[in-house]
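Following: one structure in structure tokens, then a few remarks.
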Amino acid sequence: MDGLGGGPKRGAPWKRMSKEELENQYSPSRWVVRLGAEEALRTYSQIGNEVTKRAQATGRNLLDVPYGDGEAEKLDIYFPEAVSEALPFLVFFHGGYWQSGSKDSSAFMVSPLTAQGVAVVIVAYDIAPKGTLDQMVDQVTQSIVFVQKQYPGNQGIYLCGHSAGAHLAAMMLLANWTEHGVTPNLKGFFLVSGIYDLEPVMHTSENAPLLTTLEDAQRNSPQWRLKTAPTQPVDPACRILVTVGQHDSPEFHRQSREFYQTLRRGGWKASFEELHDVDHFEILWNLTQKDYVLTQVGRVPSPWTERVLP
């Protein structure tokens, strides 16, 4: 079958794929290795709900805190036992292809990180079809501004996103903070199995609720924008860790590697890591474990301590 680009097979690899193959590449549940697709999604949701309920039951939190005027513009803050304004804050953006997911089922890393003195913020935003990509990016920006204003003495704000949430976190590399009257104390980005070029997604069923045009895709693609009009790091010391699961699809691998390479060429302090023997969803499940490599904040070596957290 002819590729989506038509004519000679040139350009990005995805343009040489049939619609069926592209659909397959951008369907993470089809690449799970230990569970069936439906079971993986069900387990992912179940674990997220359970760990979030436990985190909310501890009492060391502020829930449904409004960071804007919109109904969905709320966030949850989970604190370590020793609550102080001078804490590092990990701000998490959930995935779900910009059309599903919730902060109320995304507190995977709360217990391991708060146990090590890190405050965790889980952000809600308007998902499609109610929310547009532009709106989501604006809401994520607002949430970070809110955290900085509420906790100006923080020891650093670290952004973490999974899948579509990694895209939203990456868009913050392009944010114009002067428009918001505050420059957040961003110290690191932790991007997990993300999508950084949205154009391929336009040609899959995932675009049905998004209705993304080519202009929308380019405006909201950190890969495209950093490549065509590079943005220099505001803080050269700010570190970015781009990760992808070993069992993520080849397209997710390509997107992660190319975004990492674009960051390095632009002068960003970026690292890349393929996480061994995990798929798109198991990465998050493992964040519930205090002895998992990505949640060992206080131990060395660790991607967080060596590449993201101070």
Side-chain angles (χ1 to χ4, degrees), residues 26-32 35 37-56 63-65 67-68 70-78 90-110 120-144 159-172 189-196 198 201 204-212 220 243-245 248-249 252 255 278-288:
Y26 283 92
S27 298
S29 62
R30 300 185 187 185
W31 296 83
V32 296
L35 300 173
E38 290 186 5
E39 187 181 358
L41 291 171
R42 186 168 56 250
T43 304
Y44 169 64
S45 177
Q46 179 183 344
I47 293 176
N49 287 329
E50 290 175 355
V51 297
T52 303
K53 286 179 181 177
R54 285 200 297 269
Q56 292 177 346
L63 304 178
D64 295 319
V65 179
Y67 64 83
E71 183 180 351
E73 294 173 354
K74 293 180 173 61
L75 50 79
D76 297 337
I77 310 175
Y78 299 90
L90 187 285
V91 183
F92 181 74
F93 310 110
H94 68 79
Y97 259 128
W98 308 277
Q99 59 198 274
S100 64
S102 166
K103 73 173 176 60
D104 298 320
S105 58
S106 297
F108 296 94
M109 72 299 296
V110 165
V120 179
V121 181
I122 314 289
V123 178
Y125 52 91
D126 276 305
I127 56 178
K130 182 179 180 180
T132 65
L133 284 169
D134 290 313
Q135 184 178 359
M136 295 177 212
V137 171
D138 182 64
Q139 289 174 329
V140 165
T141 307
Q142 288 182 57
S143 73
I144 298 166
L159 306 186
C160 178
H162 173 250
S163 200
H167 157 265
L168 294 173
M171 284 296 290
M172 296 304 97
F189 289 70
F190 184 66
L191 309 177
V192 184
S193 292
I195 298 175
Y196 310 104
L198 303 190
V201 181
T204 73
S205 61
E206 302 296 347
N207 195 45
L210 293 167
L211 300 175
T212 305
N220 289 290
T243 70
V244 65
D248 265 309
S249 76
F252 271 80
Q255 287 237 10
V278 290
D279 60 41
H280 193 79
F281 306 100
E282 289 172 334
I283 294 175
L284 279 186
W285 304 346
N286 288 343
L287 288 180
T288 64

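- Nearest heavy-atom pair across G245 and S193 is N-OG, 3.5 Å.
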Decide yes or no on side-chain contact (heavy atoms from CB on, under 4.5 Å) for L63 and K103, but give the supporting numbers first.
-> CA-CA 10 Å; L63 304 178; K103 73 173 176 60; 5.7 Å; no

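- Taking every heavy atom of both residues into account, D126 and A72 meet most closely at OD1-CB, 3.2 Å.
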Tell me, with the steps shown, if V123 and E73 meet side-chain contact (heavy atoms from CB on, under 4.5 Å).
-> CA-CA 8 Å; V123 178; E73 294 173 354; over 6 Å; no

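- Between Y78 and Q56, the closest side-chain pair of non-hydrogen atoms falls below 4.5 Å.
- Across all non-hydrogen atoms, the minimal contact from A107 to T52 is N-OG1, 3.1 Å.
- Between W98 and H167, the ring planes lie perpendicular to each other; the angle is over 60°, past the 30° to 60° tilted range.
- When all heavy atoms of I122 and S106 are compared, the closest pair comes out as CD1-O, 3.7 Å.
- We find the CG-CD distance between D248 and Q255 to be 11.0 Å, quoted to the nearest 0.5 Å.
- Taking the side-chain contact (heavy atoms from CB on, under 4.5 Å) definition, one finds that S29 meets it with A37, L41, F281, sequence neighbours left out.
- Separation of atoms CG (L168) and CD1 (I195) is listed at 10.5 Å; rounding is to 0.5 Å.
- Proximity of a side-chain donor or acceptor of T204 to a complementary backbone N or O of V201 within less than 3.5 Å is detected.
- What you find for A124 and Y67 is that their closest heavy atoms are O-OH, 2.6 Å.
- V91 places a side-chain heavy atom less than 4.5 Å from the side chain of F93.
- The closest side-chain heavy-atom distance from V137 to M172 is below 4.5 Å.
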Check step by step if side-chain contact (heavy atoms from CB on, under 4.5 Å) holds for D76 and V121.
-> CA-CA 6 Å; D76 297 337; V121 181; over 6 Å; no

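- Residues H94 and L284 are not in side-chain contact: their nearest non-hydrogen atoms beyond the backbone lie 4.5 Å or more apart.
- A heavy-atom distance below 4.5 Å is found between the side chains of F190 and T243.
- Considering every non-hydrogen atom in both A128 and P209, the closest pair reads CB-O, 3.6 Å.
- For the pair V110/F92, no side-chain contact is recorded, criterion being any heavy-atom separation below 4.5 Å from C-beta on.
- Within the 4.5 Å cutoff, no side-chain heavy atoms of L210 are placed close to those of Y97.
- T212 and N207 are linked by a side-chain donor-acceptor pair at a separation below 3.5 angstrom, with hydrogens and angles left out of the test.
- The aromatic rings of Y26 and F252 lie tilted to each other, with the angle between the two planes from 30° to 60°.
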Given V32 and H280, is the side-chain contact (heavy atoms from CB on, under 4.5 Å) satisfied, shown in steps?
-> CA-CA 7 Å; V32 296; H280 193 79; 6.0 Å; no

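- Rounded to the nearest 0.5 Å, atoms CE (M109) and NE2 (H162) are 9.5 Å apart.
- Remark: K53 NZ to N49 CG distance equals 6.0 Å, nearest 0.5 Å.
- A distance of 13.0 Å separates OH of Y196 from CE of M171, quoted to the nearest 0.5 Å.
- V140 has its side chain out of reach of M136: every pair of non-hydrogen atoms, C-beta onward, lies at least 4.5 Å apart.
- Separation of atoms CG (L198) and CG (N220) is listed at 6.5 Å; rounding is to 0.5 Å.
- Applying the side-chain contact (heavy atoms from CB on, under 4.5 Å) test to S27 and every residue at least two apart in sequence or in another chain returns E23, R30.
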